[in-house]
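For this chain, numbers begin at 1 and follow the sequence in order. Predicted, not measured: the structure shown is a model, and the values here were computed from it.
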Amino acid sequence: MMSPYYVDRMDLTIRSLTIVLCLATVTAHAQTGYKRMHNRMLDEAKVLLSNGEYQEAAKIYQLLLPVDPEFTEVRYELGLCLAGTSGQRGRAIPLFERCVAEGHTEAHYQLALALHREERFDEAVTLLQQYKDLHYRLVDDPEVERRITMCRTARLLERDPMDLQIRALGPGVNSSAHDYCPLVTADGRELYFTSRREGTTGSRKDATGQYLEDVYRSVKQGEGAWSEATNVGPPINSGLQDATVGLSPDGRGMIVYRTSDDLVSGDLWMTRMNEQSGWGPLERMTDRINTEHHEPSASIAPEGNEIYFTSDRPGGYGGRDIYRIRQLPDGSWSLPLNLGPVVNTPHDEDAPFIHSDGVTLFFSSNGHNTMGGYDVFRTTLLDGDMNGWSDPENLGYPLNTVNDDIFFTLSADGTTGYFSSERPGGLGGQDIYEVVFPSSQLRKVVVHGLVTDGLERPIRARVLVMDPAGEELVGIYNTDQRTGRFLMVLEPGGRFALSVEAPGFPDHAEELQVPAASGLLEISHDIVLGSGEDQGLTRHEDR
């Protein structure tokens, strides 16, 4: 059983391909030198492998390998165990190479995945193309082609690295176990994260031999230095899986993922900080989010009235999708809205982080143009009423790698981010990293304003944004029916034609020049609609 919160994509790939293979071969084996005891050991190893208990399965396979050194099946399945174990993946390559030489069909595919993770892209593509020509294989053509595309994407992105600086947060924060999902307070002083290190509450382990998840805290001590992480204790941590998910806009609330007693199913919970007594009791979040399905991640929008979350519930585009809910005037929550096929894919989208600008969403995906595993992407909410999003943009290499790069968050000014990744030079498994960009990663200009009449009464109106020639529609924005407020997201440095329509008022037209911007820029642009004899007035202010 893997962690219910963070699941290694290599693990799922191996398990999905081996469950059928293993169950189909848990029978008597007639191999040279094998006795009844060895057959029982092999059956046990296969069951452990299909359950994802790679380290325990590997111990048995290593005992069986010298009994019959020509037994390809044992060598291949030992390779699967090593490929699924953090810090051991490279040791699987020579095992798969020999299996390929011996004609093992699936070894071609697994060796290609292993070479991809070693950044040997040309060799991986060659093996995948050879695999496509083999009969009776387990992986179909579309998935093989997707893997080939990943190799080519990784090769292209590595040849054109982004200008940024990445550093690990060091042994005060990271450990030899998995450390992930960093949450940094708005002032940049406190870090909360999830760890599976020794010393978690109850010192319990799951079936894979890993300690259960707990939440830890570290405090920034100086330029680049973080204090020794400490377990935050109850009520956040318990004897179950407890993981960081997100912080509320004011930094005083934390979303926590906690499993049920079975350590498999779980829900999202909220706790709030009390100045005198610390973190308060956990309260289960709305049923609009929590269901019988898997909802492991969430992020709260800056005004606190929207929540973005992930779920594998039915009705999505496949795998895990990102949804959002909005708080209604009576305080209840709306039905979930899927972000749609621009953001979600037939594969997995996870770890959403809605920036404090309210329109820039960062998330991880293994379904867009990823280098391999999860990559971090950026998209912008272009039209909140129509659920319109920009095409997701890969943040590039070296932030993204051939491994899982996930749980990205970004500072308010858009220049400093935190994320978790498994990469060479780490202390073990997923580690937490800081990335510093040379300029802000916020790409749009937020235009907000108010439409009123001559007596400053709010008006329900529709604002159409066109190109200067009035030929191409850029977006349609509706004002709030109660307040008359609107919010638009536009390209910096652009010139736009606005057309405002409202019942009882003549159509109003004007031009809007959006300043060029490096980083987040907000513009206040109010519109006053006059009578038929009057022309509309505009109040414009840069912030």
Side-chain angles (χ1 to χ4, degrees), residues 1-2 7-118 120 123-124 127-128 130-131 134-140 143-144 147 206-210 373 403 422 429:
M1 180 194 317
M2 288 296 291
V7 180
D8 189 310
R9 301 313 303 173
M10 174 61 76
D11 172 76
L12 287 189
T13 300
I14 292 170
R15 291 176 68 181
S16 63
L17 293 177
T18 57
I19 289 176
V20 174
L21 178 67
C22 290
L23 294 180
T25 55
V26 180
T27 58
H29 310 277
Q31 293 299 317
T32 303
Y34 265 54
K35 300 179 181 179
R36 182 177 300 176
M37 173 188 68
H38 299 118
N39 288 330
R40 286 199 300 264
M41 291 171 63
L42 182 55
D43 287 346
E44 181 183 356
K46 287 176 178 292
V47 172
L48 291 170
L49 173 58
S50 66
N51 289 335
E53 300 177 45
Y54 301 127
Q55 295 183 43
E56 294 304 312
K59 294 175 184 177
I60 300 176
Y61 284 121
Q62 287 168 335
L63 293 174
L64 291 174
L65 194 58
V67 176
D68 181 3
E70 304 304 316
F71 194 0
T72 303
E73 182 181 338
V74 167
R75 183 175 297 104
Y76 172 71
E77 291 173 9
L78 174 58
L80 292 178
C81 293
L82 297 176
T85 304
S86 177
Q88 301 293 318
R89 307 190 201 281
R91 293 179 56 201
I93 291 178
L95 296 173
F96 290 145
E97 287 176 333
R98 180 164 172 182
C99 292
V100 168
E102 294 169 350
H104 193 290
T105 297
E106 297 308 316
H108 287 75
Y109 185 77
Q110 291 297 336
L111 178 57
L113 300 189
L115 293 175
H116 177 199
R117 293 187 77 140
E118 293 291 318
R120 294 162 61 178
E123 296 171 74
L127 276 163
L128 289 168
Q130 292 173 357
Y131 180 73
L134 300 177
H135 298 293
Y136 309 111
R137 49 189 168 88
L138 296 179
V139 184
D140 58 15
E143 181 61 19
V144 178
R147 293 288 177 175
D206 65 13
T208 68
Q210 298 182 80
N403 297 310
E422 180 180 339

- Expected output: side-chain Glu77 to main-chain Tyr61 donor-acceptor under 3.5 Å: no

- Task: Give the minimum heavy-atom separation between Cys81 and Ala57, together with the two atoms involved.
- Result: SG-CB, 3.6 Å

- Message: Would you say that Tyr76 contacts Leu95 through its side chain, given a criterion of any heavy-atom pair below 4.5 Å between the two side chains?
- Response: no

- Residue set satisfying side chain to side chain donor-acceptor pair (under 3.5 Å) with Gln88, at least two apart, ordered chain then number -> Arg91

- Ring geometry between Tyr34 and Phe71 (parallel below 30°, tilted from 30 to 60°, perpendicular above 60°): perpendicular

- Between the CG atom in Leu127 and the CD atom in Gln110, the distance rounded to the nearest 0.5 Å is 11.5 Å

- Nearest-0.5 Å distance that lies between atom CD in Glu106 and atom CG in Leu134: 8.5 Å

- Message: So does Tyr131 get a backbone contact from the side chain of Arg137, meaning a donor-acceptor N/O pair under 3.5 Å?
- Response: yes

- Query: What distance separates Glu53 CD from Glu44 CD, expressed to the nearest 0.5 Å?
  - Reply: 9.5 Å

- Gap between atom CG of Leu128 and atom OH of Tyr109 - 0.5 Å precision: 7.0 Å

- Message: I'd like to know if the side chain of Asp206 reaches the main chain of Thr208, judged simply by a donor and an acceptor atom lying under 3.5 Å from each other, with no hydrogens or angles considered.
- Response: yes

- Query: Does a sphere of radius 6.0 Å around CD in Gln55 hold more than 12 heavy atoms from other residues, nucleotides or ligands, not counting ones at 6.0 Å or beyond?
  - Reply: no

- Item | For Gly33 against Val67, the heavy-atom pair lying closest together | O-CG1, 3.6 Å

- Distance-minimising heavy-atom pair for Ala83 and Ala92: N-CB, 3.9 Å

- Indicate yes or no for a side-chain donor-acceptor contact from Arg75 to the backbone of Pro69 under 3.5 Å, with no hydrogens or angles considered. yes

- When you check the gap from the basic side-chain N to the acidic O, do Glu143 and Arg147 get nearer than 4.0 Å? yes

- Out of curiosity, Leu64 CG to His38 NE2, how far, rounded to the nearest 0.5 Å? 6.5 Å

